[in-house]
Amino acid sequence: MTYSQPSIVNGRTDVVSVTPWLAPVVWEGTFSATLLDGIYQRQNISVAATVFAVGKYIMFLKDFLETAEQHFFVGFRVHIYVFTDRPNEVPEVKMGAGREVTVQSVPSSNRWQEISARRMELIQKLIEERLINKVNYIFCLDVDSKFHGRWGAESLGGLVSVIHPGYYKDDRSKFPYERRPTSRAFVAPADGDFYYCGGAFGGLVQEVHLLAKTCRKNFEDDAKDGIEAAWQEESHLNRYMWINKPSKVLSPEYLWQDFKPKEPEIKIIRFSGVIKNYAAIRPN
Ligand code: UDP
Ligand code: MN
């Protein structure tokens, strides 16, 4: 395996590539793809991904799957689980060797908040019923997005979270965390590390299982008290990541938004949310 000599004094100076709890922050220029692919290929790892396409969001699935074939863990065993209420409308996408898609039916819903929030429950169950002790890693991704660049072994870790592209230069007091202390997603104004995306997270299946189970329970217990967190499961995820620090943090390269102008520190956009007309695609 040949790769350039690592330097201990020269590297990216425009971004922070390690958190205060010493987790790597993955940016272009901080890793060798060749080296990482070599390390993880030798371990013959497998990666699952979940994606929800409920109601009109089925329209995003084709581009998501086709671009995942081009960029997401190319050369690895990948199994994508599609959750949808429209299984007949799932597009035929030709998958490479060792890669497959499984479609799982889920109920429709009249509220996007519920669709979004029920993901944690379904991820928890998927891991319990099909993945535990069978698959190494899992990523849970929004469907209204496309891959534009490599997303591979550099993203692997125990508990992995992506920095939200909308707030990464802001003071923590401005993050859209749930601010009501009565919610189980509450984060106080002086707390919080980063604002993370609900649209992409992952890690070892055991770790993601615990995350999904905890967020689901907190969401449901809140609901019993008549409270819904500001950004549903994203709020619960942020609370979880504040208490349980992620062991790897992915830079906003890993979930950009197409409507956002590119910033100088973003050398590559790997995965990005498409521009969408909320009124036209959401059920409410
Ligand atoms: N979703 C869905 N159908 C809906 C609403 C949401 O399948 O009617 C799923 C879909 O996977 C989507 C995710 O929930 O990517 C999060 O919702 P959305 O992308 O609208 O949230 P945003 O990224 O705009 O905050
Ligand atoms: Mn989205």
Side-chain angles (χ1 to χ4, degrees), residues 48-68 72 80-91 93 101-126 138-148 151 161-168 175-178 185 194-202 208 211-212 215-216 219 228-239 241 250 252-260 269-284:
T50 60
V51 65
F52 288 73
V54 178
K56 292 184 184 156
Y57 278 59
I58 192 84
M59 67 189 275
F60 300 116
L61 191 55
K62 188 165 191 285
D63 283 350
F64 175 92
L65 291 173
E66 282 179 356
T67 59
F72 185 70
I80 301 181
Y81 292 87
V82 173
F83 293 83
T84 183
D85 57 340
R86 300 182 181 191
N88 301 330
E89 292 176 43
V90 172
V93 173
V101 172
T102 294
V103 179
Q104 202 149 312
S105 287
V106 294
S108 311
S109 171
N110 299 325
R111 286 186 73 238
W112 62 264
Q113 295 91 336
E114 186 183 277
I115 296 166
S116 170
R118 277 207 68 212
R119 287 192 287 181
M120 288 297 187
E121 176 191 345
L122 292 161
I123 292 164
Q124 180 196 339
K125 287 192 176 144
L126 173 75
I138 181 170
F139 286 93
C140 308
L141 304 169
D142 263 18
V143 73
D144 59 328
S145 358
K146 287 192 229 180
F147 293 88
H148 302 276
W151 180 324
S161 209
V162 182
I163 305 274
H164 196 294
Y167 308 93
Y168 67 100
F175 293 161
Y177 292 141
E178 171 54 57
F194 307 112
Y195 191 75
Y196 301 105
C197 292
F201 57 90
V208 176
L211 158 84
C215 291
R216 175 203 174 180
F219 186 88
E228 183 174 274
W231 291 101
Q232 297 79 36
E233 91 287 15
E234 183 171 85
S235 305
H236 288 279
L237 176 101
N238 270 281
R239 164 79 192 194
M241 295 293 176
L250 305 182
E253 295 166 2
Y254 288 82
L255 187 40
W256 197 249
Q257 287 169 326
D258 285 355
F259 68 77
K260 272 182 78 68
I269 293 172
R270 304 172 188 281
F271 187 56
S272 183
V274 303
I275 294 168
K276 60 188 194 288
N277 177 351
Y278 284 101
I281 54 159
R282 280 182 170 173
N284 60 309

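Both counts, for ligands and for their atoms, begin at 1 and track the order of listing. The structure displayed is predicted, hence computed values, not measured ones. Below, all heavy atoms of this structure are taken into account, side chains as well, without hydrogens, waters or symmetry copies.
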Sub-4.0 Å atoms of ligand 1 with respect to non-hydrogen atoms of P283:
8 (O)
Can you name the closest pair of heavy atoms from W256 and P165 and give their distance?
CE3-CB, 3.6 Å
4.5 Å side-chain heavy-atom contact, K276 and M59
no
By number and element, which atoms of ligand 1 are closer than 4.0 Å to a non-hydrogen atom of V143?
10 (C), 11 (O), 15 (O)
Do any nitrogen or oxygen atoms of L141 come within less than 3.5 Å of a nitrogen or oxygen of ligand 1?
no
State, yes or no, whether a side-chain contact exists between W231 and N238 at a heavy-atom distance under 4.5 Å.
no
So, applying side-chain contact (heavy atoms from CB on, under 4.5 Å) with R216, which one of E233, R118, R119, M120 is it?
M120
Smallest separation among heavy atoms of Y196 and F194, with atom names
OH-CD1, 3.3 Å
For the residue pair F271 and F64, categorise the inter-ring angle as parallel (less than 30°), tilted (30 to 60°) or perpendicular (more than 60°).
perpendicular
Check: I115 N/O within less than 3.5 Å of ligand 1 N/O:
no
For R86, is there an ion pair with E89 - N to carboxylate O distance below 4.0 angstrom?
yes
Identify the closest protein heavy atom to atom 21 (O) of ligand 1: which residue and atom is it, and at what distance?
R282 NH2, 3.3 Å
Going by the atom numbers of ligand 1, which of them fall below 4.0 Å from some non-hydrogen atom of A53?
7 (O)
Is any N or O atom of D144, backbone or side chain, closer than 3.5 Å to an N or O atom of ligand 1?
yes
Heavy-atom distances under 4.0 Å decide this one: backbone, side chain, both or neither, for K56 against ligand 1?
neither
Where do F139 and W151 land on the ring-ring contact (aromatic ring centres under 6.0 Å, His included) test, with the steps shown first?
CA-CA 11 Å; F139 286 93; W151 180 324; 5.6 Å; yes
Closest approach of any protein heavy atom to atom 23 (O) of ligand 1, naming residue and atom
D142 OD2, 3.1 Å
Tell me which protein heavy atom sits closest to atom 20 (O) of ligand 1, plus the residue, atom name and distance to 0.1 Å.
Y57 OH, 2.4 Å
Mark up the atoms of ligand 1 that fall under 4.0 Å of a heavy atom belonging to Y278, in ascending order.
22 (P), 24 (O)
Residues S161 and M241: closest non-hydrogen pair is OG-CE, 3.5 Å
Specify side chain, backbone, both or neither for W231, according to which of its non-hydrogen atoms lie closer than 4.0 Å to ligand 1.
neither
Do any nitrogen or oxygen atoms of F52 lie less than 3.5 angstrom from nitrogen or oxygen atoms of ligand 1?
yes
Mind checking whether E234 contacts ligand 1 via backbone (N, CA, C, O), side chain (CB onward), both or neither, at a 4.0 Å heavy-atom cut-off?
neither
To check your reading of the model: name the closest protein heavy atom to atom 3 (N) of ligand 1, its residue, and the distance in Å.
V54 O, 2.8 Å
Which of the N/O/S atoms in D142 sits closest to the Mn ion (ligand 2)?
OD2
Whether the side chain of D85 engages the backbone of G55 through a donor-acceptor N/O pair (distance < 3.5 Å, no angle test) should be reported.
yes
